[in-house]
Every structure is written in C-alpha cells, then in structure tokens.
Amino acid sequence: MSFSKKQSTDFFDLVYQVTRLIPQGRVTSYGAIARYLGTARSARMVGWALNGCGNIKPKVPAHRVVNRMGLLSGQMHFGKSGTMKSLLEKEGIRVKSNCVQNFNKVFWDPNIELAL
DNA sequence: CGATTGACGTACG
DNA sequence: TCGTACGCCAATC
C-alpha cells in the first residue's frame with residue numbers, strides 16, 4: 001500500500017489553504033505564498049495551483065492573490081474581464097487599471113501574519 | 001515523447 | 001539603478 005502522494009498535490013493544496021486564509025480587504029502575492037511554502041522561486045507554481053481554483057472546494061478566493069506589483073495578473077484567467085477587479089473592490093480594495101492601490105496597506109503576508 | 005509555455009520572482013551584469 | 005537571463009515544475013501542444 002503505497003501512498004504515492006505527489007508533491008505537487010501537497011503544494012497545490014497548501015496554496016489553496018493559505019489563499020483561503022486571506023482575510024477580506026487584503027491581498028497577497030504569489031511569491032509571498034511561495035516563500036511561505038519554502039519555494040520562493042516557484043512562484044509560478046502558485047499561479048498554476050490557483051489555476052484550479054474553480055476546480056476545488058470550497059472555492060478559493062484567488063482574486064485576492066496578485067503579482068508582486070499588485071497587478072491583477074489572473075484577471076483574464078478568472079473568467080471574464082472585470083470579475084477579479086469587481087470582487088476586490090467589493091471587499092474594499094481599491095483597484096485602478098487592474099492594479100491594486102494601497103497595495104502596501106492591503107498586502108497580507110503569510111510569513112508575517114501567520115508568523116511562521 | 002520532447003519542446004514550449006505559463007496567474008512570477010530572484011539573481012546577475 | 002535598470003535591464004536581461006534564468007529558475008520552478010507542471011500542463012499543454
């Protein structure tokens with residue numbers, strides 16, 4: 001009985017867990033999550049993990065995850081244009097030109113907030 | 001089966 | 001300080 005558990009499975013799941021922990025009105029970056037997982041250079045995989053946000057339950061608030069510049073890099077992937085932006089604004093986050101304003105204030109770092 | 005891309009970020013020149 | 005190159009690892013072509 002081999003529990004051949006894929007690493008990616010853990011990584012993906014872990015990304016979902018952390019993303020779900022993001023409070024409303026707050027956003028985080030792929031690199032922050034990746035770094036929290038110990039794979040700072042695997043920020044891309046975080047994006048891939050969030051790629052299945054609509055494939056798992058409960059639904060992961062991937063709209064709260066943006067790139068390092070606060071740019072809504074996953075807007076197009078989220079579905080239709082404006083969906084991600086609307087959700088962020090609805091949570092109190094100011095978004096301008098697909099860019100999160102006050103990113104420094106709404107930035108939620110798992111390494112700090114979760115005090116790893 | 002091999003090569004390229006992809007929701008990014010860091011390292012180096 | 002800014003620009004370019006590379007790395008990550010999986011999925012897709």
Side-chain angles (χ1 to χ4, degrees):
Chain A
M1 24 194 221
S2 308
F3 297 102
S4 303
K5 196 166 44 171
K6 279 186 178 176
Q7 292 178 324
S8 44
T9 305
D10 284 337
F11 185 81
F12 276 55
D13 186 41
L14 209 38
V15 173
Y16 303 142
Q17 300 293 333
V18 177
T19 306
R20 260 191 260 129
L21 292 173
I22 303 174
Q24 285 194 358
R26 283 296 204 281
V27 291
T28 189
S29 59
Y30 307 96
I33 299 173
R35 183 180 290 179
Y36 178 71
L37 300 178
T39 54
R41 295 184 175 113
S42 300
R44 273 179 158 168
M45 299 294 81
V46 179
W48 265 116
L50 291 175
N51 191 357
C53 66
N55 200 352
I56 62 174
K57 286 160 297 199
K59 217 161 185 179
V60 178
H63 60 272
R64 292 181 192 151
V65 185
V66 295
N67 69 353
R68 195 62 175 126
M69 301 179 286
L71 185 70
L72 280 61
S73 31
Q75 218 206 18
M76 57 186 283
H77 273 285
F78 224 75
K80 287 204 152 185
S81 302
T83 305
M84 190 171 181
K85 180 180 176 185
S86 297
L87 289 169
L88 290 171
E89 289 187 310
K90 188 181 289 186
E91 299 199 352
I93 300 173
R94 285 170 279 193
V95 181
K96 190 75 172 200
S97 299
N98 298 341
C99 298
V100 177
Q101 299 302 310
N102 308 333
F103 182 65
N104 190 5
K105 295 183 180 181
V106 298
F107 181 59
W108 182 83
D109 192 336
N111 302 287
I112 300 174
E113 303 301 325
L114 299 181
L116 182 61

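Order of the sequence lines fixes the chain letters, A, B, ..., with proteins taken first and strands second; residue numbering starts at 1 for each chain. What you are looking at is a predicted structure, and each value in this text was computed from that prediction instead of being measured. Just the heavy atoms: all of them, side chains too, but no hydrogens, waters or symmetry mates, feed the values below.
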Self-check item: Among C/dC8, B/dA7, B/dG6, the nucleotide that comes nearest once only the side chain of A/Met45 is considered
Solution: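 Output: B/dG6.
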Please report, rounded to the nearest Å, how far the [atom2] atom of [N] is from the [atom1] atom of [X].
{"X": "A/Met76", "N": "B/dT5", "atom1": "CE", "atom2": "C1'", "answer": "12 Å"}
{"X": "A/Trp48", "N": "C/dG7", "atom1": "CH2", "atom2": "C1'", "answer": "17 Å"}
{"X": "A/Arg41", "N": "B/dG9", "atom1": "CZ", "atom2": "P", "answer": "14 Å"}
{"X": "A/Leu50", "N": "B/dG9", "atom1": "CG", "atom2": "P", "answer": "12 Å"}
{"X": "A/Asn55", "N": "C/dA10", "atom1": "CG", "atom2": "P", "answer": "17 Å"}
{"X": "A/Tyr36", "N": "B/dC8", "atom1": "OH", "atom2": "P", "answer": "22 Å"}
{"X": "A/Leu37", "N": "B/dT10", "atom1": "CG", "atom2": "P", "answer": "14 Å"}
{"X": "A/Phe12", "N": "B/dA7", "atom1": "CZ", "atom2": "P", "answer": "13 Å"}

Quiz item: How are the rings of A/Phe107 and A/Phe103 set to each other: parallel, tilted or perpendicular (split at 30° and 60°)?
Solution: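 Rings of A/Phe107 and A/Phe103: tilted, 30 to 60°.
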Practice problem: Under 4.0 Å between any heavy atoms, over every strand shown, what does A/Thr39 touch: base, sugar-phosphate, or nothing? Just pick one. | Solution: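 Nothing, no heavy atom under 4.0 Å.
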Practice problem: Quick one: label A/Asn51 by what it contacts on the DNA or RNA (base, sugar-phosphate, nothing), any heavy atom closer than 4.0 Å. | Solution: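 Base: the residue A/Asn51, judged by heavy atoms under 4.0 Å, touches a nucleobase.
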Self-check item: Integer angstrom distance from the P of C/dG3 to that of B/dA7
Solution: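 My reading of the P atoms in C/dG3 and B/dA7 gives 23 Å.
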Quiz item: Which atoms form the tightest heavy-atom contact between A/Leu87 and A/Phe78, and what is the distance?
Solution: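 Closest pair (atom of A/Leu87, atom of A/Phe78, distance): CD1-CE2, 3.8 Å.
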Practice problem: Look at the side-chain N and O atoms of A/Arg68 and state whether any lies under 4.0 Å from the OP1 or OP2 oxygen of B/dA7. | Solution: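 No, no such contact exists.
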Self-check item: Pair A/Glu113-A/Arg26, salt bridge (charged side-chain N to carboxylate O under 4.0 Å, His left out): steps then yes or no
Solution: CA-CA 11 Å; A/Glu113 303 301 325; A/Arg26 283 296 204 281; 6.0 Å; no
Practice problem: Could you state whether A/Leu114 and A/Tyr16 fall into the same hydrophobic cluster, counting links through intermediate Ile, Leu, Val, Met, Phe, Trp or Tyr residues with side-chain heavy atoms under 4.5 angstrom apart? | Solution: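 Yes; A/Tyr16 is reachable from A/Leu114 via cluster members.
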Quiz item: Could one point to a donor on the side chain of A/Arg44 or the base of C/dG7 with an acceptor on the other under 3.5 Å away?
Solution: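 Between C/dG7 and A/Arg44, which were checked side chain against base, a qualifying N/O pair under 3.5 Å is present.
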Practice problem: Check each of A/Asn67, A/Asn98, A/Val65 against A/Ser73 using the side chain to side chain contact (heavy atoms under 4.5 Å, CB included) test, and report the only one that passes. | Solution: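 Of A/Asn67, A/Asn98, A/Val65, side chain to side chain contact (heavy atoms under 4.5 Å, CB included) with A/Ser73 is met by A/Asn67 alone.
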